[in-house]
Every structure is written in structure tokens, then in C-alpha cells.
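This report concerns only the one structure given below.
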2 protein chains.
Amino acid sequence: MKSWTSGALARNAGVNIETVRYYERRGLLPKPPRTQSGYRLFSDDAVRRLRFIKRAQQIGFSLKEVKELLGLQINPRTMCADVKRRAEVKAADIESKVRDLEAMRKALVKLAAACSGRGPATQCPILESLDHL
Amino acid sequence: MKSWTSGALARNAGVNIETVRYYERRGLLPKPPRTQSGYRLFSDDAVRRLRFIKRAQQIGFSLKEVKELLGLQINPRTMCADVKRRAEVKAADIESKVRDLEAMRKALVKLAAACSGRGPATQCPILESLDHL
DNA sequence: GTTGACTCTGTACCCAGGTACGGGGTGTAA
DNA sequence: TTACACCCCGTACCTGGGTACAGAGTCAAC
């Protein structure tokens, strides 16, 4: 239950301190309470959010999408049916992305195998990889 | 075996004509032959490349990465062992991305289920989704 | 009570990935 | 032979996602 200054939070998550301020402005991190002198005091929850944001970005979500994902929380003020619908849409998006990535991965494995002289040296498995989805 | 003007190529792939020129500058599309008057004439291969680029972008590759993927072709001038190594690295990257996406998707499905009143309404499956990988 | 490491704000700058625009040439159909 | 849609080039501009910097205040340790 300790709290974190901007700098501590940033170091913990491996991001620049300016990025923390930027995320706050963008509404990805909630505005934290301040000390009398104006220093931000982030909670542990902010640490988890920040880590989530970075992971989600790494796997290809834009900040806008991350914000939407973070908005998908169960709370009394959210219409449940709406959250459900949005969660299902996101899940389906991810599923199709995974299919494409799998196709790409298989093409790369095939290419690597062809490089070893094993398997037929097809002209270029990469270009075809995403063709028939 | 027909050939395509910049505009036709762009329309075919659903991109802006300026994007075609941009990709040519960036080296993602090979410099095409020109008519006497200077018009570009792209081959069918360019069509396939362009489609590949857009798909690859959609699933989260940067143009730099796309260029690397396109560079992974079997041709006499490429050191085969090198291509093999790079293909394997890319394949492993994709594998870990897929794992993260799957975790996220499962969290979303769980969330949707919780929304239906089925399943325990855990506080927020989203934030935890990427925690333990 | 001064030093050094930290924080605050606002504004400016950066790179990636395009997109728009102006001024000009081309090609074809009426 | 003119109209219209297309192409060329160069350069400027835009959005997203940060990053840097200046000028000022804070706080802990010595």
C-alpha cells in the first residue's frame, strides 16, 4: 500500500518520467492525489496499469485501444451489456490477429527449414503467408 | 502478367497513391520500370507485396520489420544460414506475441462471461491478464 | 543553510507513417 | 483540340507516441 512518486513509478516500469505525465494527460493513468507541495503520489494500482499499458503496446495495441481495454472494467457505473459486447468484439479482433500471426510464424518456420536444405525450397513462403485468410 | 500504374496499384490495395510512392522511397516496394513519359509500371508481384505489407502492419509489424521480413527470401545472393537465423528469431518473437495476445483474449472472454452473471465477478481480469508470462 | 537529487509546469522538439498540395506533363475520347 | 482524369516531382503538413528543456520549487543530508 505504499505510494510512488512519478520518478519511482517510471523507474519501476522502465519508462521515462515524461511518459508517466503524458499518460496521465491522455487519461491512461488516473490523476493521482498530490502532496501539499504538488508532488504526485501514485498507488500500487497505477504500477499495475502502467505495466499493463507497456505490455499491451508491445503486442500491438495503440494507446487508444489500450484505453478502451482499461475501460472494460466491471463497475456499477458501466452498463454490463455494453462492456460484454465490447469485450467480445476485442476478443474476436485478437483472435483474427492471432490467426495472421500464426500464419506468418509458420511461413517463417517453413522458410528456415528450406534454408537447411530440408523441405522444398519454395520461392517465397513469406509473401503467400497472409494470402488466404 | 499485366502491369499497374501507381494509381491502379493503390486502388487495388486500398491505399493512397502517395503511400505507394512513399513505400518505394522507403525501399518496401522495388523501383518499377517506367514508360517513356515516366509513368511507373508495377508488376503483379508488387501487388502481392503491397497486400502483404498492409496485412503485416495490421498485425503489428512496423515498416522496418516488414522490410526485414521481405528481406527473408531465398535467393542466391543471401547467405542461407543468416536467413535461417533471422527467420527463427522472428518466429520466436511472434510466438511470444501470440502467447500475450491469447492471455489477453482469455481475459476478455472471462470478462464477458462475468458480465452475464455467469462466473465470479472478479475485480478486473484485464489488468492481470499479462502479469504472469 | 547549502548542495544535490528530486519534483513541478509549459512548451518545443523528435521520429514513424503517412497525406496533401502546387505546378507541371500525359493520354484518350468527344 | 479541348476536356478531364490521370501521372510526375518536391515539399510541406498531420497524427501518434513520446522526449527534452527551461525555469522554478522541494526535500534530505550534511
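Note on naming: letters A, B, ... go to the chains in the order of the sequence lines (proteins, then strands), and numbering restarts at 1 for each one. The analysis underlying the following values was restricted to heavy atoms, covering all of them including side chains, and did not include hydrogens, waters or symmetry mates.
Across all strands shown, Lys67(B) has no heavy atoms under 4.0 Å from either base or sugar-phosphate atoms. When heavy atoms are screened at a 4.0 angstrom cut-off, Thr35(B) is found touching no nucleic acid atom at all.
Contact check for Val15(B) versus Tyr23(B): no side-chain heavy atoms found under the 4.5 Å cut-off. Counting only heavy atoms from C-beta outward, the side chains of Ile53(A) and Phe61(A) never approach each other to under 4.5 Å. Annotation: side chain of Gln57(B) is in contact with side chain of Lys54(B) (closest heavy-atom distance under 4.5 Å).
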With the criterion being N/O to N/O and under 3.5 Å, what pairs connect the protein with nucleotides 28-30 of chain D, and how long is each?
none

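For Tyr39(A), the side-chain contact (heavy atoms from CB on, under 4.5 Å) partners at least two apart in sequence or on another chain are Thr35(A), Ser37(A). In this structure, Asp93(A) has no side chain to side chain donor-acceptor pair (under 3.5 Å) partners at least two apart in sequence or on a different chain.
Nearest heavy-atom pair across Ser6(B) and Arg40(B) is OG-CD, 3.5 Å.
Nearer to the 5' terminus of DNA chain D, by closest-nucleotide assignment, is the contact made by Gly7(B) (compared with the other of Gly7(B) and Ser37(A)).
A salt bridge is defined here as a Lys NZ or Arg NE, NH1 or NH2 lying under 4.0 Å from an Asp or Glu carboxylate O, and Lys97(B) with Asp100(B) fails to meet this definition.
The OH atom of Tyr39(B) sits 14 Å away from the P atom of dA5(D) (whole-angstrom rounding). Taking atom CD of Gln36(A) as the reference point, atom P of dG25(D) lies 18 Å away to the nearest angstrom.
Taking every heavy atom of residues 12-33 of chain B and every atom of DNA chain D, pairs under 4.0 Å involve Ile17(B), Arg21(B), by number.
Across the helix from dG1(C)-dC30(D) to dA30(C)-dT1(D), the helix axis at one end is tilted relative to the axis at the other end by 0° (nearest 10 degrees, each axis from five pairs).
When DNA chain C is scanned 5' to 3' for any atom under 4.0 Å from a heavy atom of chain B, the first and last hits are dG17(C) to dG27(C).
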